[in-house]
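Encoded as structure tokens, the structure appears first; notes follow it.
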Amino acid sequence: MMDYCNVIQSFINYKTSIPRNISGCSIKCPYRRCHDKKFLNPDVVTMHLLHKGFMVEYLCWYAH
Ligand SMILES: [Zn+2]
């Protein structure tokens, strides 16, 4: 799990590099309960991903 935070940070950086994923200083949260639609503070998104099984959700999301 040593790369877990790095992966999330990379993902956040990737998200924030895409204009349509940004609203002000908020970004879309990819966590499924946020449906990749809610614009949240990157810190909040990081927390969601850290606490709610980012890799499973991410792989699922990525596979689609
Ligand atoms: Zn979320």
Side-chain angles (χ1 to χ4, degrees):
M1 296 299 281
M2 68 173 184
D3 293 328
Y4 195 72
C5 290
N6 286 338
V7 169
I8 290 175
Q9 195 57 56
S10 296
F11 185 79
I12 297 293
N13 289 340
Y14 167 70
K15 278 287 194 180
T16 55
S17 71
I18 303 173
R20 65 182 166 81
N21 286 332
I22 309 170
S23 177
C25 54
S26 299
I27 63 171
K28 282 184 182 176
C29 180
Y31 178 56
R32 68 178 165 82
R33 292 189 68 177
C34 295
H35 301 290
D36 202 23
K37 288 176 182 168
K38 288 185 180 177
F39 284 95
L40 301 170
N41 184 290
D43 290 341
V44 176
V45 174
T46 301
M47 277 175 52
H48 280 189
L49 302 183
L50 275 172
H51 291 294
K52 297 176 179 176
F54 175 64
M55 288 310 289
V56 175
E57 300 297 336
Y58 178 76
L59 291 173
C60 206
W61 172 82
Y62 200 73
H64 296 342

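Computed from a prediction, not measured in an experiment: that's the story for all the values here. Nothing fancy with the numbering, it's 1 onward along the sequence.
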> Which atom names give the shortest non-hydrogen contact between I18 and I22, and what distance separates them?
Replying inline: O-CG1, 3.4 Å

>> Can you tell me how far apart CZ (F11) and OG1 (T46) are? Round to the nearest 0.5 Å.
In response: 10.5 Å

>> Please find the pair of heavy atoms, one from L40 and one from H48, that lie closest to each other, and give the distance.
In response: CD1-CE1, 3.7 Å

> Among S23, C34, C29, C25, which one satisfies side chain to side chain contact (heavy atoms under 4.5 Å, CB included) with F39?
Replying inline: S23

> Where is the tightest heavy-atom contact between K28 and R20, given as atom of each residue plus distance?
Replying inline: CE-O, 3.9 Å

